[in-house]
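Note on naming: letters A, B, ... go to the chains in the order of the sequence lines (proteins, then strands), and numbering restarts at 1 for each one.
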2 protein chains.
Amino acid sequence: MNELSRYERQIKQAGLRLTAPRRIILRILEQSGDHPDAAEIFQRAAKMDARISLATVYRTMKVLEETGAVERHAFQGGPARFEQADREHHDHLIDIETGAVVEFTSPRIEELQRAIAEELGYEIVDHRLELYGRKMT
Amino acid sequence: MNELSRYERQIKQAGLRLTAPRRIILRILEQSGDHPDAAEIFQRAAKMDARISLATVYRTMKVLEETGAVERHAFQGGPARFEQADREHHDHLIDIETGAVVEFTSPRIEELQRAIAEELGYEIVDHRLELYGRKMT
DNA sequence: GTAGGTGCAAAATCTTTGCATGGTA
DNA sequence: TACCATGCAAAGATTTTGCACCTAC
């Protein structure tokens with residue numbers, strides 16, 4: 001048992017068991033370029049192993065979030081959507097007409113955030129920046 | 001019937017009826033310095049008129065949001081929380097230990113957001129910036 | 001073998017909606 | 001009076017949980 005992916009190692013290092021459902025869900029997250037919600041992850045997982053349950057998807061997402069392997073987003077009130085967290089940090093611009101998600105980064109905004117929090121007496125633990133926009137023609 | 005508040009006028013100008021439940025909910029929002037969710041608004045409203053239903057609170061919040069009288073926030077996955085929208089725009093820093101919400105503004109961040117969206121070919125319709133922090137000692 | 005994980009179904013939480021009734025303009 | 005709004009209860013949508021069985025370590 002040597003061919004462990006980055007994620008699989010992350011699971012084991014957290015003292016968690018590497019089960020079949022977890023392997024499948026991790027593979028789906030690796031292959032997903034989008035930001036699927038629990039139901040979508042469940043559907044994709046069911047194609048690989050029909051025995052997986054939605055409850056396991058939810059439990060796995062919670063565990064993966066706690067180990068830092070995935071990020072949970074709650075865009076505008078729908079179901080939570082997930083993405084892997086190994087890449088560089090980025091924020092999101094959501095196309096209000098198509099629902100498409102464009103990723104971007106801004107070190108300057110990050111720095112301003114840190115400075116603002118510091119001024120208010122806080123240390124930033126997490127943050128969320130989402131832009132909702134319409135494509136210009 | 002002349003003593004209409006800013007909000008009450010906003011309701012009428014939108015062609016909506018100024019009913020007792022709406023008056024009460026509007027008064028609660030005016031008096032609230034915090035960011036209550038629908039259940040909290042309902043509880044506060046019940047003290048003024050026990051006949052008000054939670055369904056009406058939800059329906060009223062939707063209407064008020066559409067008329068631009070209130071803003072809806074979906075902080076980290078809990079119930080939606082509301083605040084009046086007549087004040088100057090601001091963002092939120094949420095204390096992860098107490099749940100307290102600190103408001104702040106940053107014109108420089110706003111401008112950077114606009115520039116980023118423009119670069120990506122988008123016009124910003126709305127945005128959300130939330131910092132989650134821990135109080136420094 | 002044992003603690004932790006899973007599947008299933010029930011429940012919890014948050015929000016919306018159908019329908020008969022009531023109140024505003 | 002004509003609609004819009006309300007209350008109630010039921011249904012929807014999303015997420016969590018109790019419990020018996022299973023399986024990775």
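- Of the possible polar contacts, one joining the B:R22 side chain to the B:R17 backbone as a donor-acceptor pair under 3.5 Å is found.
- Nearest to the side-chain atoms of B:P21 among the listed nucleotides C:dG23, D:dT6, C:dT6 stands D:dT6.
- Whole-Å rounding puts the B:F42 CZ to D:dT6 C1' distance at 13 Å.
- A residue-by-residue look at B:P79 and B:R51 shows that B:P79 has its nearest nucleotide of DNA chain C further toward the 5' end.
- The CG atom of B:L16 sits 13 Å away from the C1' atom of D:dC3 (whole-angstrom rounding).
- For A:R59 and C:dG5, the CZ to P distance is 10 Å, given to the nearest whole Å.
- Of all nucleotides listed (D:dG7, D:dT16, C:dT15), C:dT15 comes nearest to the side chain of B:Y58.
- Contact check on A:D49 versus A:R27 returns no salt bridge, with no Lys/Arg side-chain nitrogen under 4.0 Å from an Asp/Glu carboxylate oxygen.
- Separating the CD1 atom of B:I11 from the P atom of D:dA5 is a distance of 9 Å, rounded to the nearest angstrom.
- By the 4.0 Å N-to-carboxylate-O rule, A:E66 lies too far from A:K62 to be salt-bridged with it.
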**OP:** Evaluate the side-chain hydrogen bond (donor to acceptor under 3.5 Å, both in side chains) criterion for residues B:E103 and B:H35: first the C-alpha distance (whole Å), next the side-chain angles of each, then the deciding distance (0.1 Å), finally the verdict.
**Re:** CA-CA 11 Å; B:E103 299 174 350; B:H35 301 68; 3.2 Å; yes
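- Between the P atom of D:dA5 and the CZ atom of B:R23 lies a distance of 15 Å, rounded to the nearest Å.
- One interatomic measurement links the two molecules: CG of B:L54 to C1' of D:dT6, which rounds to 13 Å at whole-angstrom precision.
- For D:dC25, one of the phosphate oxygens OP1 or OP2 lies less than 4.0 angstrom from a side-chain nitrogen or oxygen of A:K12.
- Formation of a donor-acceptor pair under 3.5 Å by the A:E111 side chain with backbone atoms of A:R108 is not found in this model.
- For C:dT6, one of the phosphate oxygens OP1 or OP2 lies less than 4.0 angstrom from a side-chain nitrogen or oxygen of A:T19.
- At a threshold of 4.0 angstrom between heavy atoms, the contacts of A:R22 are confined to the sugar-phosphate backbone, with no base atom among them.
- If you measure from atom CD of B:E40 to atom P of C:dT13, you get 15 Å, rounded to the nearest angstrom.
- Comparing D:dA24, C:dA25, C:dT6 by their closest approach to the side chain of A:R17 singles out D:dA24.
- Contact annotation for B:A80: backbone-only contact, meaning every heavy-atom pair under 4.0 Å involves sugar-phosphate atoms and none involves a base.
- With the nearest nucleotide of DNA chain C identified for both B:G78 and A:T56, A:T56 has the one nearer the 5' end.
- In this structure, A:R81 atom CZ and D:dA13 atom P are separated by 18 Å, rounded to whole Å.
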